[in-house]
Structures are given as C-alpha cells and as structure tokens.
Amino acid sequence: MAAKFIDELKRTNNCGELTAKDIGKTVVLFGWVHNRRDHGGAVFIDLRDRAGLTQVVFEPRFDQKTHELAGELRLEYSVGIRGVVESRGANVNPKLKTGEIEIHATDLEIFNRSEPTPFLVEDKIDTDEQKRLAYRFIDLRRPAMQQALITRSRINQYTREYFAGHGFLELETPFLVKYTPGGARNFLVPSRLSPGKFYALAESPQLFKQLFMVAGFDRYFQIVRCFRDEDLRLDRQPEFTQIDVEMSFVNQDDIFSAIEGLIAKLWKELLGIELTLPLPRMEFDESMRRFGNDKPDLRFGLEHVDLTEVVRKHDGGGVPMLKDALQPGQIVKALRVPKEHPLSRKDLDDLEVEAKGNGAKGLARAKLGDTGEWTQSPMAKTITPELRLAINQACGAQPGDLILFQFGREALVHSVLANLRLSLGKRFGMIPPYGSGGQWRFLWVVNPPLFEYDEEAKTWVAAHHAFTRPHDDSVQYLETDPGKVKCYRYDLVLNGFEIGGGSIRLHKPDVQAKVFKALGIDEEQAKAKFGFLLDALKYGAPPHGGIALGMDRLAMLITGAASLRDVLAFPKTQKGTDLMTGAPGDVDGKQLAELNVKSTV
RNA sequence: GGGGUGGUAGUUAAGCUGGUUAUAACGUCGGCCUGUCACGCCGAAGGGCGCGGGUUCGAGUCCCGUCCACCCCGCCA
C-alpha cells in the first residue's frame, strides 16, 4: 500500500485494452470512477479513461486497507490502481470489450475527489444542452463526446497522411486579413497600430490559396479555421474548420478524383466502408428540378414534379391561381404523397403552417378519388377535367394518393417544396437511421449557372464568387445572356448536407474582366476589392482550381451526431455565445480607448 | 428581423380542464450487504416551478412582458 503512483508506478495499460490474454499480469491503470457497486465485502468499480472501461474489484483478501479506502470512492473520482488481471469466470460481461477480465486491486490512490457532477457522465441521459455547454469539461467526459473528438483527430491525421502521399504541401494563410464587402459578414478586429482601421477574420483562405498557385506551389492543402459572422444553424458555427485544397494544371475531374480518394480513405479507415468510386454526379439543373435545391438528400424519393408546362398547355385549366403562375419567372410544382403514407387533415394543416413559415402563401392539395377525381382541394371545383388528368398523369398519381402543390416565384417554390420534401421524408421514416446498412449517398452537383438574378437589386450577381471559370462554350453569353452561363463550380453533397464546394478558377484576366462587367463591377471597384489577385493573374497564373470540405460536417456525419456542436469541443450557442467562458464579454474602457473604438450601446 | 418548441429538486422528467403538505427515477447523505455490472435493501435531506408583472378567494397551470436554450425562414459556402 506504500506504492507511489505516477512517480514510481507508471501506467501500464489503458482501460479499454485488457482481455483474457492478459490474465495474470500486474497492471497499473489511471482514470475516473465511472460507476461503483459497493457490496460491503466487495467493491466493484468501472474505471474509465478515454479508451474504455475496466472493472476493478476491491476485496479485503487482496488488500485490507485498499478495500477500506475503496469504500470512499464516488463517481468521477480521479484514481490510480494497481492489481492483477483475473478472469471473470462465469461472470463475463459481454457488453464490455474488457468484459472477460477484471482487476483485483491491491493498491489504490485517490488523486482527487469529485463533487457530485452537475449531470451524470453517461450517454443515455439526454441532458439539456444548456447545462452541457455550461459544464463542457464534464460533458466532454461522456464516451460519445470522447469518440467524437477522437474521430476528429483521426480525420485530421488521415487527411494529412493522404495529402502528404499525393504531393500536397500544407501551407498556412493569415487569419487577420483585409475586410472586403460582400459575401459573408466578417468578424472585425480593430487595429491598435492603425487607428480607426480594422482587420477582418478570414472567412476562408480563398484568395491566398490561389496566390499559392500563382507562386507555383502547385498542390496545397490546409486544415484551417474559418470565421463567419452569420446566424447559426444546426450545421453552422461562427468558427469552423475547413479542409482547404487548391491544385494547379488540373481540370474538374482531377479535383474530383483527388477528393474522392480522400473521402474513400476516411470512410474506409473510420467506418470500415469501401465506397464505390467515382462518386455519382448530377447537373445542378437536374437537382433543382427533382429536389428543389442543390444539396439533395438522395436517401429517399418524394421527388418534385414540374407541372409548369402541363399547366401552360391547358392555360391554367380554369384555375386562376394556376394561370397566374404562368408569368415569367414563375413555376408550378407538385409532390406526390403515396397512399401508403396517409396524412390527416391536421397533418396537412401543420404542413401548411410549416410551408407558410418558409414563405409559402399556402399549400394547395388534392386527394385522388377512385376515378382520379380530386377531393379536399381548393381547385377541385374549377379545374378542367383535362388538366386534372394531365396533372395526375404527370405525377404518376393513383387513387388514394395526395398531391401537394406550390406555384409562384421559382426560387420560393423550390425552397418551400424542398423543405416540404425533407419534412415528409422524416415524418414518414424514410430516412434510414445512422448505422443501418450505411446509406451514404454522395453526390457531386455540377455545372451551375455562374450568375443569379437579384430580384431586389435588379442585377446579376455572382452565384458564388467572381473567380469561377465559365464553360468555354458559355463565355459567348457573358455579355448577351448572363443567365445562360454555366461554370466549373461543384458541390459535394452527402445525405442532404453540403460537405464541400469549390471551382475551377478564372486564370485569364480578359475573361475575368468580362465577368466583372456582367456583374456591373467597374475596374475601380474590382481593383479596390481584389487588386492583388487581379495583378497576380497577369503574371502567368496557371490554370487552377480547388475545393474546401467542411471538416466539422464530415465529422458530424461520420459519427452520426445530431448537430455540429456535438463534434466541436467548445461550440457556441445559437446566439454565438459561449456559455462556459461567457464570451463575448465586456471590455474595459482603457482597452477600447487604446483601440480607438467606442461602443454605442 | 420573423415563425415555432422548451425552461418544474443537482440531473432527467410527470403534473389533465387553476384547488389542501408539488410527484418519480437517477445522483447526494446515513445504515446493511462478497459477484455486481442500470447491483440490491432500509432510511434521510433537497425544489416552490427561468425572471417580472397581472387576473383570481386561490396560479407550474390563464394573460402580458422579459431572459435563456434549441429548430426553422431571412442571412450564409
């Protein structure tokens, strides 16, 4: 019992590795008391470290004093034990990896006692996230959180391995950069040395990695933190990690195969799953048509049906609201709900409320009777039998099915119906649960338009950023019909989440100038915003392109976590605060004065 | 900026249409127990229901405001 842990007795094993082959060994384990079962004459504890659990037994016959001390053990005490690995005989616990053995402890040191924790360190109880975030240091002890962070670490490790093996250089870029308007909001950092001026925290290394290509570094990657001062979501945090890649002398296919190699490695190493390569691709237009967005969840059907042309052929079929939707820029779409998934009146009302929350005016519906007639529909009385039949056919609707309609401005119809599809997919249990046969539905969404029309500003704006290369056969439309210009832009989608996006960049100044012109950006503006990059392109910039993968989202999907917060050690709340540290916080007047900053609140 | 959900012992929850001392489980404390692994048994302490107003004879329960968390739209790669 005079054993001196740590200084003399070093850890011999972790708590997740001892099995029957170790029986007879004397071992030293360190960890936390995960559970205790005190039978008086025999005390059992589950000792936990990040590797797992091992049962430790204290009995007077192993050591009298150690057994007495063990009676004082409580949850989350930090302890060291020494003992002999013994078989559990008939008492094997098949739920534990170490369940064949137990340690008969001869020595115990309580390094530190623990107050009762604010919540129990176990995975089963769904503790309020507010509490978890306030006591993150306790929350992170939970096996699920430990696994999530271990997975992150392994993603980083495999990513570095992969890129190093493929001739990439890991190069760093600045976080403190120049503010440029447009795009995501930036976090600003006041400059003490330049009174009244501000740095911005980089929202991505985009421009810098292109400069690496210009400089001839050829293949770059970085696992890099990025910052965006936008509202948070389940899958969006103000600071997040990106696996950032840029390559020279490549086309889109080269980028895809480089990234597919990484994805395949991660899935193999982390999940033991062999992905079939290449990953499937889909045209942006097709994705919009079938799913209403550019990040379709392919794990279930319920695809959209575009009825615009059908309705146009029948000139609205006697339904005024359908006829209204034939104006330019407007569309009519539907979603067929098969009769196997009946929806009650209340379900439909709920869905309508949800749709309205997404900006819809309403949610028109039609239920098919035995002969294809419509009931429960606001259009049933006025619609011509011909259009009704045509719609039924276009939707492939059978008696008992339900058709849900959206019509109006294209972007709105798409987003409302895309959300409706997801909502129904969840409601009908069509989304396979995590780990159930591994339905990993990857998709490259390719060839989107370079520009979007901004309804409010009445101008064309870059759908992503202004440095995406248009298709060569699209360049002719830059001046005449910008909406027709397709570009080398691509998103990697997994199960409805965008896990990456990138493009082949413009490397020729003359085409770049045309793009700026189409965007209504004059030379002066362009110079002010991107001067250094435009300059760089003039000096023999190589053809190049790249991509950034959302590392946090990858970790979330790989681990099956419900939110990005569950794969981040210290995440922010939806209001961007840190409940543990209290950030963001007040700053004293002296500090502000030094920075020449004054708060107006 | 907008819509929705939630906040009740340390924790997770129950508390229906407002009605006497606000329930339970886990945890905590005391006692017993040598084969448990969600150990068991006996006993105890612990909250006044996020906060502030209001309605009422009477408010976790109804109303108004407010704070916090979460989900979504807008926003955002």
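In what follows, every heavy atom counts, from backbone to side chain, and hydrogens, waters and symmetry copies are set aside.
Taking atom P on both B:rU5 and B:rG40, the two are 39 Å apart, rounded to the nearest angstrom. Across B:rA24 and B:rA9, the matching P atoms stand 15 Å from one another, rounded to whole Å. Taking atom P in both B:rC42 and B:rG27, the straight-line distance is 15 Å, to the nearest Å. Remark: the separation of the C1' atoms in B:rG46 and B:rU55 is 33 Å, to the nearest Å. Only the P atoms considered, B:rG53 is 16 Å distant from B:rG58, to the nearest whole Å. Rounded to whole Å, the C1' atom of B:rG60 lies 14 Å from the corresponding atom of B:rC51. Here the separation of B:rA13 from B:rG18, taken at their P atoms, is 25 Å to the nearest Å. The same atom, C1', is picked in B:rG15 and in B:rA25; the two are 15 Å apart, to the nearest Å.
Across all strands shown, B:rC32 forms a Watson-Crick or G-U wobble pair, both distances under 3.5 Å, with B:rG40. Using the Watson-Crick or G-U wobble rule with both distances under 3.5 Å, B:rU17 pairs with nothing in any strand shown. Look at B:rA69: its Watson-Crick or wobble partner, with both distances under 3.5 angstrom, is B:rU5. Across all strands shown, the partner of B:rC26 is B:rG10, judged by Watson-Crick or G-U wobble contacts whose two distances both fall under 3.5 Å.
Residue A:Asn358 is in sugar-phosphate contact alone, with no base atom involved, counting any heavy-atom pair closer than 4.0 Å across all strands shown. Among the atoms of the strands shown, only primed sugar atoms or phosphate atoms (P, OP1, OP2) are found under 4.0 Å from some heavy atom of A:Glu129. Across all strands, A:Arg74 comes closer than 4.0 Å only to sugar-phosphate atoms, never to a base (heavy-atom distances). Residue contacts for A:Arg132: at a heavy-atom cut-off of 4.0 Å it reaches no nucleic acid atom on any strand shown. Nucleic acid contact for A:Gly183: sugar-phosphate only, since backbone atoms but no base atoms lie under 4.0 Å from a heavy atom of the residue.
For A:Phe44 and B:rU36, the ring-to-base geometry satisfies the stacking test (centroid distance below 5.5 Å, interplanar angle below 30°). Here A:His39 does not lie in a stacked arrangement on the base of B:rU36, lacking the combination of planes under 30° and ring centres under 5.5 Å apart.
The residue among A:Glu102 and A:Lys572 whose nearest nucleotide of RNA chain B is located toward the 5' end is A:Glu102. Comparing A:Leu234 and A:Glu203 by the nucleotide of RNA chain B that holds the closest heavy atom to each, the one mapping nearer the 5' end is A:Leu234.
Contact annotation: A:Thr577 reaches the phosphate of B:rA69 (side-chain N/O to OP1 or OP2, under 4.0 Å). Checking the phosphate oxygens (OP1, OP2) of B:rC37, no side-chain nitrogen or oxygen of A:Arg88 falls inside 4.0 Å. Distances shown here put a side-chain N or O of A:Arg37 below 4.0 Å from the OP1 or OP2 atom of B:rC39. Under 4.0 angstrom from either OP1 or OP2 of B:rU11 there lies no side-chain N or O belonging to A:Thr127. The shortest distance between the side-chain N/O atoms of A:Asn35 and the OP1/OP2 oxygens of B:rU36 is not below 4.0 Å. Listed pair A:Arg36 / B:rC39 fails the phosphate criterion, with no side-chain N or O lying under 4.0 Å from OP1 or OP2. In this structure, A:Lys356 does not reach the B:rC73 phosphate: none of its side-chain N or O atoms is under 4.0 Å from OP1 or OP2.
Whole-Å rounding puts the A:Leu120 CG to B:rU11 P distance at 11 Å. Computed from coordinates, the A:Glu59 CD to B:rG35 P distance equals 9 Å when rounded to whole Å. At whole-Å resolution of the value, NE2 in A:His414 and C1' in B:rG74 are 19 Å apart. Rounding to whole angstrom units, CD1 of residue A:Ile103 and C1' of B:rU36 are separated by 16 Å. Atom pair A:Leu96:CG and B:rU36:P shows a separation of 15 Å (rounding to whole Å applied). Straight-line distance from the CG atom of A:Leu75 to the C1' atom of B:rC29: 14 Å, rounded to whole Å. One atom, CZ of A:Arg61, and another, P of B:rG35, lie 12 Å apart when rounded to the nearest Å. Atom pair A:Lys131:NZ and B:rU11:C1' shows a separation of 8 Å (rounding to whole Å applied).
Residues A:Gln222 and A:Asp244 bring no donor and acceptor atom of their side chains to less than 3.5 Å of each other. With no hydrogens or angles considered, a side-chain donor-acceptor pair links A:Ser423 and A:Glu354 at under 3.5 Å. Between A:Arg469 and A:Gln252, the side chains place no donor N or O within less than 3.5 Å of an acceptor N or O (distance only, hydrogens not considered).
Here the straight-line distance linking atom CZ of A:Phe44 with atom CD1 of A:Ile103 works out to 13.5 Å at 0.5 Å rounding.
Tested against A:Ile499, the residues A:Asp235, A:Asp491, A:Leu492, A:Asp552 include a single side-chain contact (heavy atoms from CB on, under 4.5 Å) partner, A:Leu492.
B:rG48: glycosidic angle within 90° of 0, hence syn. In this structure, B:rG27 is classed as anti because its glycosidic torsion departs from zero by more than 90°.
At a cut-off of 3.5 angstrom, the base of B:rC76 holds at least one donor-acceptor pair with the side chain of A:Arg236.
A salt bridge does not link A:Lys295 to A:Glu498: none of the charged nitrogens lies less than 4.0 Å from a carboxylate oxygen. Between A:Arg236 and A:Glu230 no salt bridge is recorded (no basic side-chain N to carboxylate O distance below 4.0 Å).
The side chain of A:Asp231 lies closest to B:rG74 when the candidates are B:rG74, B:rG6, B:rC37. Taking only side-chain atoms of A:Arg565, from C-beta outward, the nucleotide of B:rU34, B:rC70, B:rG74 with the closest atom is B:rC70.
Within a 6.0 Å sphere centred on NZ of A:Lys97, heavy atoms belonging to other residues, nucleotides or ligands number 12 at most.
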request  = Please test A:Arg409 against A:His414 for side-chain contact (heavy atoms from CB on, under 4.5 Å), starting from the C-alpha separation and ending with a verdict.
outcome  = CA-CA 9 Å; A:Arg409 203 162 52 76; A:His414 277 146; over 6 Å; no
